[in-house]
*Asks:* 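Structure incoming, see below.
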Amino acid sequence: MITVVGTGVSAPPADVLAGAGLVVGGRRHLDAAAVPASAERVVLGPLAPALDVVERHLDKGSRVVVLASGDPGFFGIVRVLAERFGSGALDVRPGVSSVAAAFARVGVPWDDAVVVSAHGRDLRTAVNVCRARGKVAVLTGPGAGPAELGAALASGGAERGGWAGAAASGLVAPRGGAANRHSPAPLKRVLLVASDLGTKDERVQRVTPAEAAARDWGSGVSVVLCLDESRALGGVRTVAGPPPAPSQWALEEGEFAHRDSMITKFEVRALALARLGPRLGDLVWDVGAGSGSVAVECARLGAAVVAVEKAADGVERIRANADAHGVDVQVVHGSAPDALAGLDDPDAVFVGGGGRELPGIVAACARRARRSVVVAMAALDRVPAVRTALTDAGFDCEGVLLQSSRLAPLPGDVTRLAATNPVFLLWGVRNPAYREGVAQ
């Protein structure tokens with residue numbers, strides 16, 4: 001058997017280590033433990049050599065103890081050991097996870113928190129989860145610590161040019177020497193940075209994202225709590241766990257404030273959402289957002305969302321709709337494509353509206369989108385140029401004309417069919433063989 005011990009906030013008991021032929025762990029774990037003099041020690045670094053040593057000891061019937069931080073089954077070494085040796089070979093004795101300890105230190109319940117790891121993973125996923133949810137724990141890693149997370153959240157742009165609020169730190173430089181006037185306002189988030197949990201140097205520091213970006217945090221950080229403090233405590237919950245996915249989408253138009261029926265109809269929205277595929281960890285743009293109905297629905301499904309709208313009254317309407325549905329949508333007041341310059345590259349983009357500039361806007365979005373672009377338009381004349389813009393950017397393009405008729409009452413307790421305006425919906429999915437503008 002392999003005994004996997006989560007050390008929690010103290011050293012493992014001596015009886016756990018008695019008779020061990022091999023003890024594996026981080027240097028600080030080994031230094032704090034009463035390792036038998038006869039046991040071989042392996043300091044964890046690269047996993048593969050350590051696992052080979054574990055296998056040799058198992059083959060000769062030697063007892064193996066693996067020391068880990070907190071709960072080793074929670075984003076920990078249990079996954080790797082189970083994949084190599086099988087779950088039946090493991091005797092796991094968990095300690096208190098770093099996430100549980102961090103929330104305990106600040107006195108905040110965490111049954112409704114979202115936990116995401118940035119250790120050895122793409123930071124953008126953690127950033128997007130922090131944008132979309134009001135209570136997130138981020139497990140940090142080299143190059144993905146509180147400074148990098150804070151810079152991305154303070155700037156509204158972790159990848160391309162967004163810098164407002166973080167420029168003062170020197171970590172994010174303005175493009176062209178000036179702030180992009182279209183950059184979205186930073187979300188209201190506070191970071192609680194828990195360092196060296198369970199040690200004499202343990203600290204929990206409350207900082208803004210911009211303050212986090214300006215500091216050197218060293219290498220002792222284990223977890224960062226990203227909170228919207230206005231909603232972090234929440235109300236009384238009858239079911240534990242993060243907020244569930246919505247039970248309904250493609251909401252009725254009456255669920256949104258809009259002007260003169262200028263809103264993406266729910267039949268169109270339903271197919272657009274299916275082709276966008278918004279999910280937790282994604283970033284979605286809603287360009288020409290109007291009332292923001294698509295933006296709000298994507299946010300309800302867990303994505304981080306930026307809505308771009310040129311009309312001032314539209315901007316306020318989007319914010320009101322987001323507030324009414326309890327989601328965060330960052331709003332950029334400006335006209336595409338110029339307003340897109342300071343934003344992170346999105347996973348998916350929805351483009352609404354029309355006009356002669358539509359193909360150019362679609363082309364600009366397609367150059368940046370990682371996965372898909374969906375375009376809704378009323379004018380048949382725009383369809384060929386939009387399709388060309390998508391295919392030229394390396395997307396496989398499909399489309400449909402949506403014509404629907406809704407049941408409507410007539411006097412005399414009878415019903416008629418009321419036709420809605422036809423809409424062309426085109427969508428492109430990035431062809432994996434297309435790289436950097438060149439088909440392979």
Side-chain angles (χ1 to χ4, degrees), residues 1-18 20 22-30 32-33 35 41-55 57-58 62-105 108-122 125-126 129 133 135-142 144 194-199 202 220-226 239-242 280-281:
M1 294 291 292
I2 304 172
T3 303
V4 188
V5 183
T7 58
V9 294
S10 61
D15 63 326
V16 172
L17 296 165
L22 171 67
V23 181
V24 181
R27 187 173 300 280
R28 70 182 180 90
H29 298 134
L30 295 172
V35 179
R41 294 183 177 212
V42 171
V43 178
L44 271 180
L47 281 175
L51 295 177
D52 291 340
V53 177
V54 170
E55 186 166 7
H57 276 264
L58 291 178
S62 179
R63 182 162 175 266
V64 176
V65 176
V66 176
L67 304 179
S69 298
D71 183 349
F74 187 73
F75 289 100
I77 199 168
V78 166
R79 182 183 302 277
V80 175
L81 293 172
E83 289 173 350
R84 176 76 175 261
F85 304 108
S87 298
L90 305 182
D91 173 17
V92 181
R93 306 184 186 186
V96 177
S97 72
S98 58
V99 173
F103 276 110
R105 298 297 189 270
V108 174
W110 67 287
D111 53 37
D112 55 348
V114 178
V115 182
V116 60
S117 177
H119 192 282
R121 295 171 171 84
D122 191 348
T125 298
V129 174
R133 291 286 189 259
K135 186 187 292 186
V136 181
V138 181
L139 300 172
T140 63
S195 307
D196 299 309
L197 287 167
T199 75
E202 177 182 301
V221 174
S222 57
V223 62
V224 177
L225 308 183
C226 180
V239 179
L280 192 66

*Asks:* Apply side-chain contact (heavy atoms from CB on, under 4.5 Å) to residues L139 and V99 and explain how you reach the verdict.
*Replies:* CA-CA 8 Å; L139 300 172; V99 173; 3.8 Å; yes
*Asks:* Let me confirm one number: the CZ-CZ distance from R27 to R41, rounded to the nearest 0.5 Å.
*Replies:*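 The CZ atom of R27 sits 9.5 Å away from the CZ atom of R41.
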*Asks:* Looking only at heavy atoms, which two atoms of L30 and G25 are closest? And how far apart?
*Replies:*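 Nearest heavy atoms, L30 then G25: CD1-O, 3.6 Å.
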*Asks:* Are the side chains of T140 and H119 in touch, meaning some heavy atoms are under 4.5 Å apart?
*Replies:*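 T140 does not reach H119 side chain to side chain.
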*Asks:* Please answer whether the main-chain N or O of D111 pairs with a side-chain N or O of K135 as donor and acceptor at a distance below 3.5 Å.
*Replies:*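 Between the backbone of D111 and the side chain of K135 there is no qualifying donor-acceptor contact (under 3.5 Å).
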*Asks:* For A144, check side chain to side chain contact (heavy atoms under 4.5 Å, CB included) against everything at least two apart and list the hits.
*Replies:*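 If we apply the side chain to side chain contact (heavy atoms under 4.5 Å, CB included) test to A144, skipping adjacent residues, the hits are A118, L123.
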*Asks:* Can you list the residues that meet the side chain to side chain contact (heavy atoms under 4.5 Å, CB included) rule with V53, with sequence neighbours excluded?
*Replies:*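 If we apply the side chain to side chain contact (heavy atoms under 4.5 Å, CB included) test to V53, skipping adjacent residues, the hits are L22, E40, V42, R56, H57.
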*Asks:* Does anything in residues 42-53 form a salt bridge (Lys or Arg N to Asp or Glu O under 4.0 Å)? List the pairs, not counting sequence neighbours.
*Replies:*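 Found D52-R84.
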*Asks:* Measure the acute angle between the ring planes of F74 and W110, then classify it against the limits of 30° and 60° as parallel, tilted or perpendicular.
*Replies:*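 Rings of F74 and W110: perpendicular, as their planes differ by over 60°.
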*Asks:* Could you work out, with side-chain hydrogen bond (donor to acceptor under 3.5 Å, both in side chains) as the rule, every residue matching R121, not counting sequence neighbours?
*Replies:*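 Once residues adjacent in sequence are excluded, the partners of R121 under the side-chain hydrogen bond (donor to acceptor under 3.5 Å, both in side chains) criterion are S117.
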*Asks:* Is there a donor-acceptor pair closer than 3.5 Å between any side-chain N or O of S97 and the backbone N or O of G70?
*Replies:*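 No, because the side chain of S97 does not come within donor-acceptor range (under 3.5 Å) of the backbone of G70.
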*Asks:* Among all residues two or more places apart in sequence or in another chain, which pass the side chain to side chain contact (heavy atoms under 4.5 Å, CB included) test with R79?
*Replies:*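 Here the qualifying residues are E83.
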*Asks:* Going by the rule side chain to side chain contact (heavy atoms under 4.5 Å, CB included), which residues pair with L47 if we only count those two or more places apart in sequence or in a different chain?
*Replies:*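 Testing L47 for side chain to side chain contact (heavy atoms under 4.5 Å, CB included), a comparison that skips the adjacent residues, returns L44, I77, V80.
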